[in-house]
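Structure first, then comments.
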Number of protein chains: 2
Amino acid sequence: MPRGIENTLLAAIVEGRLPPGSKLSESRLAEAFGVSRTLIREALTRLETRRIVRVEARRGWFVNTPDAEEANQVYAARRFVEYGFLAKARPFPPAAIARLRTHIEEERAAIAEGDKSTLIYLMGDFHVRIAEASGNRALVELLQTLTARTILISLCYQSERNALASHRDHVEIVDALAAGDMTRAAQLSFDHLEDVEAGLNTDIAPDPLGSLRTTLRLDRAPGEGTKTKRPENPSEPSDQSEKTHLGN
Amino acid sequence: MPRGIENTLLAAIVEGRLPPGSKLSESRLAEAFGVSRTLIREALTRLETRRIVRVEARRGWFVNTPDAEEANQVYAARRFVEYGFLAKARPFPPAAIARLRTHIEEERAAIAEGDKSTLIYLMGDFHVRIAEASGNRALVELLQTLTARTILISLCYQSERNALASHRDHVEIVDALAAGDMTRAAQLSFDHLEDVEAGLNTDIAPDPLGSLRTTLRLDRAPGEGTKTKRPENPSEPSDQSEKTHLGN
DNA sequence: CAGATCAGTCTTGTATGCAAGAACTGCACG
DNA sequence: CGTGCAGTTCTTGCATACAAGACTGATCTG
């Protein structure tokens, strides 16, 4: 079950239900999952080694809020990994291409519906699916973590690039893969990630003055009681523009 | 302190003092480190998410013994990452080159002395140091884990390639980097890793029939008592040839 | 009213207790 | 001599207890 907790938390994070900066109270989570703090702690520890969450000594666990430097480095790492993979991998078999086309179709559908939560997940997962085509588990795990961190970044620095543009890039990449032109696919993927990163508002300053919001308790609705079952959400979901802006 | 335990264990593993398959008893480690099982468990959990160790339910923790498939995938992942990084990174500044040359010198010295333990560490660490030149922490962490896993592989499938050959490859790579020829450095690095992998004896069958050695208790010296303070070493260090054969 | 102080409450850090399962040991039996 | 079986011991899994730091809020003081 501890692995299940890790995955459940990760899913909530990458789908934006637990935004960057959210406090993750061990005891509340323990209550929510119906287990003791021990298992929660194990799951959080795992997520910490993947840099998805962060712990401040005796203060609490938080969904990681990558700073500008970390954002840079994670994007750079992703570019390197995906470029190297595509440039050096053998051409994808038709079955893999078919799976990617299915994914592209899912993206299209999600965009049409404007289902933001699904979109965030799908746009990030595209790159993981590409890795899955290789059948290389080590690579998939690598990209899963890297992609999750990327989503965190997108969530922090509201991307100016909308999902449609990313979707079009994805289509182009799959076309190149289908044509067996790995070199082109690699370069497209590299450029795509550069464009996405360039679209970030890195001057947004993630949670200015440390965790000011938490300090000011913007996490709790004004009249709400002190006992909330769900972990607190320091960043207001309401201030997100209706158009689905996100990376990947 | 839990982070210290993780690093201490990792160091012991990558330096070969805790060979693949070694059993890592929580209580013994707790005793050795002078802490409770809790902290040991946390360190082991961290190492497990990095695929350095593995846990079998209610049987115990073990230093991971990668099978042939995992070996393939980890090497492939490393090739992708390092190729992508070098092919797309900007040329290294002179200071970084200097540090790499220092490392090369350390390698040379270790080969001259035949200090096997140091050699294992250095030959693997070369690739980590290259990543360090980028100043990209995410990339460094990635390669640290990947390299550690590679060392495990080398330890399982006794490499036929000796350290000297790897050392020469490293020199060549640094020369290319010094010349600012990143494309060449990338390709050299890729080929180097392919050569190293090709030198593995993947037909050695890692610990045939599951953990036969453990079952047969080849880990304990015949007359030795049952209370050994150190974790058991299932693989005999004595059957290693005197010439330092290893990967990277 | 502004500021300091101190008790109360929350958080994680770490140790410990207990239970369940796996494996080993020795014995009895065919 | 091999084989099955039970008792014992060792292992991890998970819950819980307790300690100590950090924050909150009220009260007291100038």
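Note that this is a predicted model, so its numbers are computed, not measured. So that the names make sense, note that chain A is the first sequence line, chain B the second, and so on, each numbered from 1.
Considering only the side chain of Arg58(A), dT12(C) comes nearest among dA22(C), dT12(C), dC14(D). Candidate nucleotides dT12(D), dT11(C), dT16(C) were compared by shortest atom distance to the side chain of Thr38(B), and dT16(C) ranks first. Counting only heavy atoms from C-beta on, Arg59(A) has its side chain closest to dC23(D) among dT11(D), dT12(D), dC23(D).
Taking 4.0 angstrom as the limit, Ser27(A) places none of its side-chain polar atoms (N or O) nearer than this to OP1 or OP2 of dC10(C). Phosphate contact (OP1/OP2 of dT11(C), side-chain N/O of Arg28(A), threshold under 4.0 Å): present. Of the side-chain N and O atoms in Ser25(A), one or more sit less than 4.0 angstrom from OP1 or OP2 of dT11(C).
The stretch residues 139-155 of chain A participates, sequence neighbours left out, in these salt bridge (charged side-chain N to carboxylate O under 4.0 Å, His left out) pairs: Glu70(A)-Arg149(A), Glu141(A)-Arg51(B).
Between Glu26(A) atom CD and dA22(D) atom P the separation is 16 Å, expressed in whole Å. The NZ atom of Lys23(B) sits 13 Å away from the P atom of dA22(C) (whole-angstrom rounding). When rounded to the nearest whole Å, the span between CG of Leu24(B) and C1' of dC10(D) equals 16 Å. Summarising the geometry, the separation between CD1 on Ile5(B) and P on dT14(C) is reported as 9 Å, rounded to the nearest angstrom. Per the geometry, CD belonging to Glu31(B) stands 13 Å off P belonging to dT16(C), to the nearest Å. Protein atom CD of Glu42(A) is 13 Å distant from nucleotide atom P of dT12(D), rounded to whole Å. Taking atom CG of Leu44(A) as the reference point, atom P of dT12(C) lies 8 Å away to the nearest angstrom. Atom CZ of Phe33(B) and atom P of dT14(C) are 14 Å apart (whole Å).
Comparing Arg37(B) and Arg37(A) by the nucleotide of DNA chain C that holds the closest heavy atom to each, the one mapping nearer the 5' end is Arg37(A).
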